[in-house]
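Beneath this line is the structure, given in structure tokens, with notes to follow.
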Amino acid sequence: MPELPEVETIKNELAPHILGGTITGITLLWDGIVKKPSVEEFRSRLTGQKITSLSRHGKYLVLSLSNDDLLVVHLKMSGSLLLGRDSTQQPEYTRAVFHLDGGTKIFFRDPRKFGGVWLVRDWKTVTKNLGPEPLEADFTPQVLTQQLRNRKAPIKALLCDQSVIAGIGNMYADEALFAARINPLRSGASLTPEEIGRLHHAIQQTLRAAIGSKGASIVNYYRPGGETGTAHFDFKVAHGRGRNCPNCGRPIQRIPVRNRGTYFCPGCQPAP
DNA sequence: CCCGGAACCTGAAGGC
DNA sequence: TGCCTTCAGGTTCCGG
């Protein structure tokens, strides 16, 4: 499931292969992957454009093009962008292929058809209300305090809310809360300044470590070269069904929070 | 504005 | 062996 560390890794590993390349054509195997504009306009505006830069905003990947259009990509839960050459066999569940001059291909593989691409002038029209980037210098404990102020929802749900913080999803929310020793059901407003300080540190630490490990390959995450990441080997609680807490040895618990599987240690993260 | 739940979508895995 | 249920979860939409 691509979250911030996975999308960051994809951006970094895609860049050297596609930066400066020109899109010569698009093969669509499932039209529904194009969210905006129409399929016809998407194809005509994209063809012939040079890729001038890559950036990431939250879980969105943005390719800047020479005509000032932006190709915005969201992989949602099961999407991957795989590099290939002319001779490469098309992976199963490929929904779109971007052909570049020189023979490079980018396969958008997405078994569950949740992902999408947009061709827009301003990426903010796609990402709507994106909160602060957790790894930017301006993401301070004060900013986190402000984002959680007066919020009654469980902190787990708030961490996964892209308008509160950009880029965190189910896995890293669980990991950050464990590292900060905060129960996922605590309300945002109930956190003390000390707990917010711990959480702020835990979020940055968890995301940075995961980027260092090239992302977590629990299910359906592949890097552009087809390799997996290794961040999940460092997970303490996330997807820890049947395992014990590495700190205190108690069984890791799984509870639903906003219909999402939430893993935590009842000893290290005491109930509210 | 805030909150929680449903819907979207399909393959993998486990139970009986 | 095969059918059924559960799980995986990012985002948007809707009702209260």
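Naming: A, B, ... by sequence-line order, numbering from 1 per chain.
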Review point. Does C:dG10 have OP1 or OP2 sitting under 4.0 Å from an N or O in the side chain of A:H74?
Key: no

Check your understanding: With respect to the phosphate group of C:dA8, does any side-chain polar atom (N or O) of A:R241 fall under 4.0 Å of OP1 or OP2?
Key -> yes

Check your understanding: For the residue pair A:D110 and A:S78, what are the closest heavy atoms and their distance?
Key -> OD1-OG, 2.6 Å

Check your understanding: In the single-linkage hydrophobic clustering (I, L, V, M, F, W, Y; side-chain heavy atoms under 4.5 Å), do A:I106 and A:L19 co-cluster?
Key -> yes

Point to revise | ILVMFWY cluster, A:L75 and A:V126 together (side-chain gap under 4.5 Å) | key: no

Could you state the [atom1]-[atom2] distance from [X] to [N], rounded to the nearest angstrom?
X: A:N220; N: C:dA8; atom1: CG; atom2: P; value: 14 Å
X: A:N129; N: C:dG10; atom1: CG; atom2: P; value: 18 Å
X: A:K76; N: B:dA7; atom1: NZ; atom2: C1'; value: 12 Å
X: A:L185; N: B:dG4; atom1: CG; atom2: C1'; value: 13 Å
X: A:F114; N: B:dG11; atom1: CZ; atom2: P; value: 12 Å
X: A:R258; N: C:dC7; atom1: CZ; atom2: C1'; value: 19 Å
X: A:K113; N: C:dT12; atom1: NZ; atom2: C1'; value: 19 Å
X: A:I33; N: B:dC8; atom1: CD1; atom2: P; value: 19 Å

Review point. Between the side chain of A:S187 and the main-chain N/O of A:K152, is any donor-acceptor distance below 3.5 Å?
Key: no

Review point. Below 3.5 Å, does any donor atom in the side chain of A:R112 face an acceptor in the base of B:dG11, or the other way round?
Key: no

Check your understanding: Considering only heavy atoms and no angle criterion, is a donor-acceptor pair shorter than 3.5 Å present between the side chain of A:R109 and the base of B:dT10?
Key -> no

Practice item. Mind running a 4.0 Å heavy-atom check of residues 138-168 of chain A against DNA chain C and sending the residues that fall below it, in number order? Key: A:Q162

Study note, to complete from the structure: Angle separating the five-pair end axes of the helix from B:dC2-C:dG16 to B:dC16-C:dG2, nearest 10°, is 50°

**Study point:** Pair A:F139 + A:H200: ring centers closer than 6.0 Å
**Key:** yes

Check your understanding: How do A:R254 and A:Y60 order along DNA chain C: which one's closest nucleotide is nearer the 5' end?
Key -> A:R254

Exercise for review: Quick one: label A:Y263 by what it contacts on the DNA or RNA (base, sugar-phosphate, nothing), any heavy atom closer than 4.0 Å.
Suggested key: sugar-phosphate

Review point. For A:S53, which residues count as a side chain to side chain contact (heavy atoms under 4.5 Å, CB included) partner, sequence neighbours excluded?
Key: A:S64

Practice item. Report the residue from A:L29, A:I26, A:L82, A:L28 that forms a side chain to side chain contact (heavy atoms under 4.5 Å, CB included) with A:V97. Key: A:L29

**Study point:** Qualifying residue, where the test is side-chain hydrogen bond (donor to acceptor under 3.5 Å, both in side chains) with A:D174 and the options are A:K156, A:H239, A:R254, A:R260
**Key:** A:K156

Check your understanding: Only one of A:T104, A:T27, A:T24 forms a side-chain hydrogen bond (donor to acceptor under 3.5 Å, both in side chains) with A:H99, so which one is it?
Key -> A:T27

